[in-house]
Protein chains: 2
Amino acid sequence: MVTLAEVARHAGVSASTVSYVLSGKRSISSGTRDRVERSIKELGYHPNAGARALASSRSNIIALMMPLRTDMYVPVMMEIAIAVATTARAHGHDVLLLTGEEGPAAVRRVVGSGLADAMILMDVELLDARLPLIRETGRPAVLIGLPADTTGLTCVDLDFAATGALCAEHLAGHGHREIAVVGEAAAVYERHTGFAERTRDGLHRRARELGLRTLHRPCEGSYESMAGTLARIFDERPGTTGFVVQNEAAIDPLLSLLRQQGRAVPEDVSVVAICPDQVAAQAAVRLTSVAIPAQEMGRRAVELVMAKLDGRDDDGTRQVTLLPPELTVRASSGPAPVTG
Amino acid sequence: MVTLAEVARHAGVSASTVSYVLSGKRSISSGTRDRVERSIKELGYHPNAGARALASSRSNIIALMMPLRTDMYVPVMMEIAIAVATTARAHGHDVLLLTGEEGPAAVRRVVGSGLADAMILMDVELLDARLPLIRETGRPAVLIGLPADTTGLTCVDLDFAATGALCAEHLAGHGHREIAVVGEAAAVYERHTGFAERTRDGLHRRARELGLRTLHRPCEGSYESMAGTLARIFDERPGTTGFVVQNEAAIDPLLSLLRQQGRAVPEDVSVVAICPDQVAAQAAVRLTSVAIPAQEMGRRAVELVMAKLDGRDDDGTRQVTLLPPELTVRASSGPAPVTG
DNA sequence: GCGGTATGTTGAAGCGCTTCGACAACGCCT
DNA sequence: AGGCGTTGTCGAAGCGCTTCAACATACCGC
């Protein structure tokens, strides 16, 4: 392996000069810089990451903690992960992938060893066991998701309450009076992952203001469970004409079942989904949907982390970034059918 | 931050002794070991990763290179990634997540800087641009997938040729004579990601041996493209009674469309999918399928990497590990309908 | 032509760990 | 009792980089 010293010798300068050329922390005459850069290229030099981390106490790595759960919608996680990795690289950082498996201990390990300069946590629960650690270590961290108490924390998330409200408004605007919400799997609510509850509550509140009747039912993603859920919904509220689906896995089953039952979308029943645009566009009926801005969330999280690492900490204000939901009208929603 | 030296002082031993307690590379009397371990716990010591990497030229990090593509089935990738991370942790290693974005340069960077001790590459193409680098750097690497030329490389993959053959056998065994294969998106074949072609070829060969007529059609995952593909299949081969689906995204659309056309599964038409078990079990009809052992692939890849890092290199033999396919019979396949 | 400020470059001191060779202390054998 | 191999511990030399203080040089106004 080529070392900095060899580059220095080759270029006829001192090691520190090479270092300053690399980091740009000191001004260097363009002549020297050129010579050094040429030597670097010629020798195929790559700075040693360990030595760098040791000397500068900066690893240029940020840790991304992902859950292990399988009841979350995986493509969204993946999209966030990729956005995080891509954005981090654009800032000269790499991403360490941590699974939830180790739990809070992973935070301690990674922070304690100086392996990562900062962390991004996904799948945050309302009372997340990792939060105390994050607060006490004081290492830069950004959460994707919203815990119950956000004091001292920086969070990014879609504004799910507004998302729920937006869905209610859209359906109300088309004259629907009774709507059903196909929620996430029951386990998601039990675990108190905030987003599902915030969506539900935001939707309920706005629906009440608009005079809508709502019915909220959790649902596993499978075809069978969707069948059961749907039957119970129409059983309890035969007048239901609008659906909001939050569990992406339930989308295809729902559309299948509705068609099977002879209910046309959007003529008889309108459907609004909360899902990535790609999913909405590829479904059997092109779905009116509120997008989950996975990429944007990942990107923002990294930007916030970088700001902290660079010490431009926005006064510690505006700690919670809620992305405004955007509803795209496609082919699955329309005026409520004229009854009676 | 607590350092090794402080632990040593606290325990009344030398720094090297603490180091040897930690690494176990030298025998230590149980008395000393206890004292050191107690000090470590008491002081909350975590070895500094950078210093360790510098001194030992081992970072205890393995890099996982994932593609950025969106035409691959994401959940499988994710499952592999998580299995890799989990298994790596069990071996005391962490995982660095690299996206395809940087391309081959990422290999050079990560290897050159000593950031990672080894690499695992996913989404390997037949003529992958990363392979020459891998070969020349000589760093331990394992591919998930099979390139055209595997000399000097270690690979893990599902035996897709056998998978295709197995599907043909299953359908032939039930008396089907004309079968259609719904393949991956055309882009996947154009990119020459080996698995799709190997499945196709394996299936064709066995089908010919068994006297089956086959028709292979690539298919994007969307509902619309599946509709088009299906129409063309029945147009060209009205007698088709068996389907093999390789594109997971096409599964739900296919089942929907078949039902819509009044073709009952499995009475009129049998369907065999190549997909993760979970997908097969959750579909509208529980699918007879060949599982994609994502977890197993991730786990194996890490085990192989670890073997290389530990110098137990299995004589360099058995470089290619092909996992045997397993077909699970569920509710979507059965005897071919009696014609005439 | 002088003090003073920029500007460019350098030597040396670590960063916290691993690891090698040395060494003491302790049986054990003959 | 003397030499032997074993076992447990230590000191010191780095690993390759960053960064500080110091220095050399050039340039400015007066």
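Just so it is clear: chains get the letters A, B, ... in the order the sequence lines come, proteins before strands, and each one is counted from 1. Because the structure is a prediction, the values reported are computed rather than measured. Worth knowing before you read on, the calculation uses all heavy atoms, side chains too, and leaves out hydrogens, waters and symmetry mates.
In this structure, A/Met1 places its CE atom 15 Å from P of D/dC15, rounding to the nearest Å. Taking atom CG on B/Leu4 and atom P on D/dG14, their separation rounds to 20 Å, with Å as the unit. Separating the OH atom of B/Tyr20 from the P atom of C/dC20 is a distance of 7 Å, rounded to the nearest angstrom. Residue A/Leu115 contributes atom CG, which lies 16 Å from atom P of C/dG16 at whole-angstrom precision. Atom C1' of nucleotide D/dG16 and atom CG of A/Leu43 are separated by 15 Å, given to the nearest angstrom.
Residue A/Ser29 is classed as a sugar-phosphate contact, given heavy-atom separations below 4.0 Å to backbone atoms only. Within the nucleic acid shown, A/Thr17 comes within 4.0 Å of at least one base atom, counting heavy atoms only.
Remark: A/Lys25 is in phosphate contact with D/dT19, judged by side-chain N or O atoms under 4.0 Å from OP1 or OP2. OP1 or OP2 of C/dT9 has not a single side-chain nitrogen or oxygen of A/Ser14 nearer than 4.0 Å. OP1 or OP2 of C/dG8 lies within a sub-4.0 Å distance of a side-chain N or O belonging to A/Ser27. Between A/Ser57 and C/dC15, a side-chain N or O to OP1/OP2 separation shorter than 4.0 Å is absent.
Not a single donor-acceptor contact under 3.5 angstrom links the side-chain atoms of B/Arg52 to the base of D/dG16.
Note that the CG atom of A/Leu126 and the CZ atom of A/Arg191 stand 11.0 Å from one another [nearest 0.5 Å].
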